[in-house]
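These notes concern the structure reproduced below.
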Protein chains: 2
Amino acid sequence: MDRNSAPPPPVMADVARLAGVSHQTVSRVLNDQPNVRTETRARVLAAIRELDYRPNSAARTLVTRRSQTLGVVSFDTTLYGPASMLYGIEQAARDADYFVSISSLRAMDRATLLDAVSRLRDQAVEGVVVIAPQTQAAGALEQAAAGVPLVGAGCGVTERVPMVAIDQRAGALIATRHLLDLGHRTVHHVAGPMNWLDAVGRMQGWREALEQAAAPVPLPILGDWSASSGYAAGRSLAVDPTVTAVFCANDHMALGLLRALHEAGRRVPQDVSVVGFDDIPETSYFMPPLTTVRQDFGELGRRSLQLLVDRLAGSRPGPAGHVIIPPDLVVRGSARPPHIA
Amino acid sequence: MDRNSAPPPPVMADVARLAGVSHQTVSRVLNDQPNVRTETRARVLAAIRELDYRPNSAARTLVTRRSQTLGVVSFDTTLYGPASMLYGIEQAARDADYFVSISSLRAMDRATLLDAVSRLRDQAVEGVVVIAPQTQAAGALEQAAAGVPLVGAGCGVTERVPMVAIDQRAGALIATRHLLDLGHRTVHHVAGPMNWLDAVGRMQGWREALEQAAAPVPLPILGDWSASSGYAAGRSLAVDPTVTAVFCANDHMALGLLRALHEAGRRVPQDVSVVGFDDIPETSYFMPPLTTVRQDFGELGRRSLQLLVDRLAGSRPGPAGHVIIPPDLVVRGSARPPHIA
DNA sequence: AACCCAGATGTGAACGCTCACACTACCGAT
DNA sequence: ATCGGTAGTGTGAGCGTTCACATCTGGGTT
């Protein structure tokens with residue numbers, strides 16, 4: 001049993017011989033084609049089981065020119081958002097009978113993204129989903145899309161590349177409006193880095209809500225998504241007694257902000273109201289539990305894969321091929337009306 | 001240019017024709033084989049570029065029987081740990097010139113795991129890394145390993161399946177010892193679900209540290225890793241004034257615990273010291289910043305992939321084929337000596 | 001009785017690559 | 001002058017499938 005080299009795995013011909021049919025009949029059974037007698041089919045299936053035969057996917061791919069594989073290019077799958085999207089994509093892919101091959105980006109620049117897509121192409125993927133929420137990606141995306149069917153998940157809006165995204169502007173709008181509706185005179189903003197589309201969209205929505213309410217528009221503070229940058233922002237906002245409401249572009253920065261406010265003796269939500277963005281799993285146990293905007297990353301992933309599969313199947317996508325998912329406000333304990341209403 | 005069907009992609013013969021050589025010479029160039037004149041090589045490379053030729057990986061795989069693809073089976077890649085491991089795996093795989101194909105587990109049972117591995121096998125992966133930290137996985141792993149080279153990442157210790165893991169026992173030991181050394185009479189424990197190997201290991205380390213110090217061993221409280229369960233544990237611990245130190249089996253539960261203690265008026269670290277486990281990115285902005293045990297998930301992923309590649313290359317792994325990575329204690333502000341020392 | 005047609009099965013040729021080997025030129029050693 | 005060796009190149013087979021087609025059955029029709 002334990003020879004020097006293992007016995008070669010069985011091939012279709014072996015199955016055919018054992019079942020007493022031709023290789024073609026085995027193929028028919030394998031591909032659920034009609035016109036095979038039930039009894040013959042049973043015999044073939046028995047042979048397959050007996051030999052523990054597995055079709056050789058390379059051979060099949062060679063002739064059908066279909067690898068049954070899709071690629072995912074993603075920037076930092078360690079983050080909650082990308083990780084959840086990837087998860088959604090994988091599930092949807094499995095349901096659609098595709099394998100998924102990943103390629104993560106170590107840095108975010110045109111060359112790196114193009115290279116990742118190219119690697120995937122070398123592997124003969126039939127299509128690619130790109131998760132790259134930075135502004136730089138948009139251009140590269142268009143270029144990459146030339147060689148292979150491609151859709152963006154939460155990526156920049158481009159005429160030619162179909163994509164699925166969550167409406168950042170709308171999310172920021174309801175978050176800011178929520179604070180305004182509570183009676184705050186205005187709302188301060190701790191923004192994400194401006195080379196991220198999400199950060200830009202959220203800032204837009206925030207500004208729009210203020211302008212619609214004819215509220216003054218304070219200077220936004222730029223962070224880098226990290227709790228640490230939120231903390232820094234919090235320290236500077238804490239010293240200004242007129243600040244009663246802050247909209248943070250993500251929950252991590254809100255966490256840092258919360259701590260800075262706490263240390264400065266500004267109570268949340270009694271003295272300052274805070275709203276975040278993302279709804280990461282920990283937010284309900286922040287002190288206080290954070291009111292935030294929930295993005296359904298899993299859904300985003302699933303929908304983007306769906307879009308890709310639809311395109312591969314040939315059904316033309318909608319008008320521009322873009323899908324926009326609206327986010328929801330999750331009200332918890334970190335925002336309430338100001339003292340002096 | 002825009003005909004009904006795209007022109008067929010160029011094949012090796014096309015390159016050969018254009019370069020005025022045989023297909024075999026093209027193959028030699030592609031595979032960096034010696035015995036090709038520099039000038040010939042240049043001509044071939046030029047032809048490749050001109051045609052934008054990409055080798056057909058299926059054809060290559062068919063004849064070499066090497067897919068250059070590795071599979072990763074993982075339980076819930078949404079969690080910080082698995083996500084980071086996956087990231088590390090992908091990077092190491094790319095460095096070793098492999099593609100990685102993923103297959104996530106929707107549920108944790110033998111059949112699901114076996115099915116995921118089987119799917120990957122159908123895709124002709126050369127080897128598989130499994131991320132499945134539950135106790136149930138261990139048995140299934142051994143069975144799955146029969147059909148394909150396989151290594152576990154943070155999985156159950158099995159004689160036959162090589163694996164890489166972080167030493168949970170050691171981590172819990174230093175965490176508990178740290179609290180003991182600060183002068184606490186004993187340390188309470190909020191444990192993870194007992195069907196997780198990590199939870200079992202951490203409880204072991206905790207118990208061992210107490211026993212070594214001849215400290216009383218309180219009844220551990222069982223949680224489910226969630227902040228919510230940590231909160232529940234915190235509420236019950238808060239009413240007991242003798243509790244001065246708590247070791248939480250993960251940071252999320254510590255977050256919930258922190259909040260429960262806060263609400264109950266028990267100050268951390270003045271009244272109660274808390275130590276967590278994992279060192280998720282947010283911990284330094286908990287209130288107070290959490291002292292915790294850091295696990296290098298990325299390294300874990302990289303090492304497990306390395307182990308797999310080494311096995312594929314034929315070099316026998318060490319004695320048992322197991323690699324154990326020690327974790328580190330990260331001291332922040334949530335633990336200090338008790339009041340009445 | 002001759003016919004046809006559809007269902008069930010088999011045959012051989014691709015698919016695009018690598019492998020094993022054959023071949024050619026040219027070198028220095030005999 | 002002959003030989004052996006080696007660098008450079010070409011030839012044909014074969015990897016395990018699917019596809020297009022050919023073949024063989026066995027009922028209905030006429």
Side-chain angles (χ1 to χ4, degrees), chain A residues 5-45 47-48 51-69 97 99 121-126, chain B residues 5-45 47-48 51-69 97 99 121-126:
Chain A
S5 51
V11 298
M12 199 175 264
D14 297 325
V15 175
R17 204 172 310 118
L18 182 59
V21 296
S22 75
H23 63 115
Q24 175 63 332
T25 298
V26 177
S27 172
R28 275 191 266 260
V29 170
L30 245 28
N31 297 297
D32 289 312
Q33 284 178 23
N35 301 350
V36 177
R37 241 190 324 165
T38 352
E39 195 234 58
T40 310
R41 185 183 300 273
R43 211 145 26 98
V44 169
L45 288 174
I48 288 176
L51 297 176
D52 188 27
Y53 164 73
R54 288 165 187 271
N56 181 313
S57 63
R60 183 201 298 251
T61 297
L62 181 57
V63 53
T64 60
R65 300 158 167 294
R66 298 209 41 219
S67 64
Q68 302 213 82
T69 302
D97 254 312
F99 295 107
R121 284 225 279 159
D122 287 343
Q123 205 195 357
V125 296
E126 294 179 34
Chain B
S5 52
V11 299
M12 197 175 266
D14 298 324
V15 175
R17 204 173 307 119
L18 182 59
V21 296
S22 74
H23 64 113
Q24 175 62 336
T25 298
V26 177
S27 172
R28 276 191 266 260
V29 170
L30 246 27
N31 297 298
D32 289 311
Q33 285 177 22
N35 301 350
V36 176
R37 244 190 321 165
T38 351
E39 195 234 58
T40 310
R41 185 183 301 272
R43 212 145 25 96
V44 170
L45 288 174
I48 289 176
L51 298 176
D52 188 28
Y53 165 72
R54 290 168 185 270
N56 181 312
S57 63
R60 184 202 295 254
T61 297
L62 181 59
V63 52
T64 60
R65 302 163 164 291
R66 298 209 41 220
S67 64
Q68 303 214 84
T69 301
D97 255 313
F99 296 107
R121 284 225 279 158
D122 288 343
Q123 205 194 359
V125 297
E126 294 179 34

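Letters A, B, ... mirror the listed sequences (proteins, then strands); counts begin at 1.
Partners of B/Thr69 according to the side-chain contact (heavy atoms from CB on, under 4.5 Å) rule, which considers only residues two or more places apart in sequence or in another chain, are A/Gln123, B/Ser67, B/Phe99, B/Ser101, B/Val125.
Summarising the geometry of B/Val44 relative to B/Val15, their closest heavy-atom pair is O-CG1, 4.1 Å, with the distance given to 0.1 Å. Here the closest non-hydrogen pair linking B/Ala124 and A/Ser57 is CB-OG, 3.9 Å. Residues B/Arg41 and B/Gln33 come closest through the heavy atom pair NH2-O, 3.1 Å. B/Ala58 and A/Thr61 get closest at one heavy-atom pair: CB-CG2, 3.6 Å. Here the closest heavy-atom approach between residue B/Ala19 and residue B/Arg43 is recorded as O-NH1, 2.6 Å. The two residues B/Gln68 and B/Glu126 make their nearest non-hydrogen contact at N-OE2, 2.6 Å.
Considering CG of B/Leu30 and CD of B/Gln24, their distance stands at 11.0 Å, rounded to 0.5 Å. To the nearest 0.5 Å, the span separating CZ on A/Arg60 from CG on B/Leu62 amounts to 13.0 Å. Distance CG/A/Leu18 to OH/A/Tyr53: 13.0 Å, rounded to 0.5 Å. Within the model, atoms CE of B/Met12 and CD1 of B/Ile48 stand 8.0 Å from one another, a figure rounded to the nearest 0.5 Å.
Checking the phosphate oxygens (OP1, OP2) of D/dT18, a side-chain nitrogen or oxygen of A/Asn31 falls inside 4.0 Å. Using a 4.0 Å cut-off, some side-chain N or O of B/Thr40 falls inside it from OP1 or OP2 of D/dT9.
Listed by first and then second residue, the salt bridge (charged side-chain N to carboxylate O under 4.0 Å, His left out) pairs that reach into residues 13-32 of chain A are A/Asp14-A/Arg17, sequence neighbours excluded.
Shown for residues 14-29 of chain A: residues whose heavy atoms fall under 4.0 angstrom of DNA chain D, namely A/His23, A/Gln24, A/Ser27. Contacts of residues 51-62 of chain A with DNA chain C (heavy atom under 4.0 Å): A/Leu62.
The distance from atom CZ of A/Arg37 to atom P of D/dC24 is 17 Å, rounded to the nearest whole Å. Residue B/Asn35 contributes atom CG, which lies 13 Å from atom P of D/dG10 at whole-angstrom precision. For the pair A/Gln33 CD and D/dT18 P, the computed distance is 9 Å after rounding to whole Å. What separates CE of A/Met12 from P of D/dG14 is a distance of 20 Å, to the nearest Å.
First and last contacting nucleotides of DNA chain C toward chain A (any atom under 4.0 angstrom from a heavy atom, 5' to 3' order): C/dA8 to C/dG16.
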Test log, rule side-chain contact (heavy atoms from CB on, under 4.5 Å), inputs B/Asn56 and B/Val11: CA-CA 8 Å; B/Asn56 181 312; B/Val11 299; over 6 Å; no
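Comparing the local axis fitted to the first five base pairs of the helix from C/dA1-D/dT30 to C/dT30-D/dA1 with the one fitted to its last five gives a bend of 50°, rounded to 10°.
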